[in-house]
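Presented below is the structure to which this report refers.
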Amino acid sequence: MNTVKSFFYVVCAGLLMTSLYSCADGISGFLDNDDKSKVVEEIQWESEANADIFLNAIYGNLPNYWNQPENLDNFTDDNDVNHYYTSYNWRDGNVNPSSSDYTVWGGTTGPAVMTNWDSTFTFIRRTNTFINKVQENKENFSEGWMNRRIDEARFLRAYFYSEYFTKIGGLPIITEVMDRRTMDSTDVYKERASFEETVDFLTGELGSIVDNGYLAIKYNQGDPDAGRATLGAALMLKGWLELFAASPAFNAATPAVGSNPDGVAGYGNYDVNRWQKAADTFRQFINNYGNGNPYDLFDDVSSLWYESNEYHSEVIWDRQIVPDVMGSSFEQYGGPVWVNGNYYTWGNYNPTQELVDQFFMANGLPIDDPGSGYDPQNPYEGREDRFYAWIVYDGAPYHMDWMSGPDTIYTRIDKVNPKDNEIDFAQDDVSNTGYYFKKKLNPLVRPGGGQKSGQNYLYYRYAEVLLGYAEAQNEAAGPDASVYSAVNKIRNRAGLPDLPAGLTKDEMREAIHQERRVELTFEQKRFYDIIRWKIAEDVMSVDKHGMKISNTSPSDNSGVWQYEVVPLNHPHTFHQRMYLVPVPQHVIDRNRNIIQNPGYN
């Protein structure tokens, strides 16, 4: 969707291209009319091309997670973060409802730094405006265009809602354009809907979009509408919301945050049918759109994000990125800090030992299995393919296309031949864990050159359908053959053998959780998982670890290189209330019908 670049650009281009008004007539009409906004609005909705400008601008509001050094993985046990980020304060239990600082630099708004109340409802208002104006001016549009574009806007509204709902719980449901001048205050100052009502609204909207069938199932590279909403995206989002809502933090008599008399933080009871509903949605996706019709797993996990592979079979929903115009600077933030003797990155994404230990051995066994062959003093030998594709470890070969030649990254403490990326447990950019990542890095783009990458950002991919189905079906019915099939497809793509037969429901749950953590690592999924599985209180209340490597004879390296798992001594406080972010205090001050989340009063 190469028209979605910037609002100003597409508006100017669209107005220049429109042929319904001559330049002179347009200027004359504008100057002669006292209500200038009315003229602009009439032009905005007089043709499909002009209305598309408005909708394209809404697509431009989709979060571009490439271009910020903070992301949701910073709020998890998978990544170590530096002291100057908002996530560092959150890890110390510091979340302040009165704060409106949504920058990444040392704020106290927690995960709301990614998605907040004001921006969410601004974007929702824009989608409501588009739907309202298209319906008001329907005589200017063809039926087919109206059907498609309205369902696109409904999807975008559901997506914006979902990004905030999964962090805050129940939200006011608004489907009309609010106007204090014409509406009664009881209509303007809406209450928060319950958790259940919000889930039902969103999944109902998404189900209706799928049933309508107006949108394409999928777009391919080169399609002029690639980047627009699809039936695949709508069904995936529906399944994800059902999976999220069915999880232990919310599908319980008492939700994870505790007492919930207003119902905004969970259901207030347990119902296994919620798992079944999620499983049914993911099964519908697999049966109707999966198995290569047209969605399927992409063959190569190492090049899954490459610009040359955009819109391959696994891509369900992404954000278009255009170098320089709407480019990505992701490479600046992650990967080894020093490459071939030069400083290149901020070194933000440092896998913890906890994450590294989740990667399997090449024989498919976890490292704590007695038969795995794992050697704690040779921990990087015999690991699975995804480990080598995504994790940079001590002694790892490193060669991106932009580099003049290959490098080897050493994080060990070497007094004889010191290296730039040596672990130092200080507050500089070098990793404190002894690891970097290279997943999703564009191999063509040199870090530090600005927004030069054109690699699209993937919100959802087909692997999530398989993992979502396996989890929901296992919870609803146990580890039947279809559960094994879904998980094994992910494992086999990674070069791993099938799971062993005869697993219990609990054992399969553990296997799915581990597979999900590895497969979706550093894709901003782990945060939602530790929240919805209600394990954040366990994994975020203990210190994380790194790998210290040193020689027993440091003066001449004549001894043995020892691998020692060491604590990072970074903040690790998680309060029960932190399962949800607070409602901003300024929102409650403006609308007394809005209630605060439990624990923040």
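Residue numbers run from 1 in the order of the sequence given.
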side-chain contact (heavy atoms from CB on, under 4.5 Å) involving Asp589 - partner list, sequence neighbours excluded: Gln585, Arg592
Does a donor on one side chain sit under 3.5 Å from an acceptor on the other, for Glu48 and Ser142? yes
Ring pair (Phe, Tyr, Trp, His ring centres under 6.0 Å) with Tyr267: which residues, sequence neighbours excluded? Phe195
Interatomic distance, CG@Leu235 vs CG@Leu206, rounded to 0.5 Å, equals 9.0 Å
Looking just at side-chain N and O atoms, do Arg526 and Thr76 make a donor-acceptor pair shorter than 3.5 Å? no
Is it the case that the side chains of Asp318 and Tyr311 hold a donor-acceptor pair, with the cut-off being a distance below 3.5 Å and no angle test? yes
Pairwise side-chain hydrogen bond (donor to acceptor under 3.5 Å, both in side chains) hits with a residue in residues 205-215, at least two apart: Asp151-Asn212, Arg154-Glu205, Arg154-Ser208, Arg157-Glu205
Taking ring pair (Phe, Tyr, Trp, His ring centres under 6.0 Å) as the definition, give me every residue that meets it alongside Phe282, ordered by chain and number, with sequence neighbours left out. none
Going by the rule side-chain contact (heavy atoms from CB on, under 4.5 Å), which residues pair with Thr108 if we only count those two or more places apart in sequence or in a different chain? Asn89, Asn94, Asn96, Ser99
Does a salt bridge link Asp529 with Arg517, judged by any charged N lying under 4.0 Å from a carboxylate O? no
Using a distance-only test with no angle check, is there a side-chain donor-acceptor pair under 3.5 angstrom linking Gln284 and Asp280? no
Using the ring pair (Phe, Tyr, Trp, His ring centres under 6.0 Å) rule, collect all pairs that involve residues 575-601, keeping only residues at least two apart or in two chains. Phe574-Tyr579
Thr166: partners by side-chain contact (heavy atoms from CB on, under 4.5 Å), with sequence neighbours left out: Trp240, Leu241, Phe244, Tyr528
Name all residues meeting the salt bridge (Lys or Arg N to Asp or Glu O under 4.0 Å) criterion together with Arg126; count only those two or more places apart in sequence or in a different chain, and write none if there are none. none
Output all residues satisfying salt bridge (Lys or Arg N to Asp or Glu O under 4.0 Å) with Asp187, sequence neighbours left out; order by chain, then residue number. none
Apply ring pair (Phe, Tyr, Trp, His ring centres under 6.0 Å) to Tyr85 and list each qualifying residue two or more places apart in sequence or on a separate chain. Trp105
By side-chain contact (heavy atoms from CB on, under 4.5 Å), which residues pair with Ala51, not counting sequence neighbours? Trp45, Phe130, Phe141, Trp145
Using residues 171-180 as the side-chain source, report each donor-acceptor pair under 3.5 Å to any protein atom, sequence neighbours left out, with the distance given to one decimal.
residue	atom	partner	partner atom	Å
Asp179	OD1	Arg181	N	2.9
Asp179	OD1	Arg181	NE	3.1
Asp179	OD2	Arg181	NH2	3.1

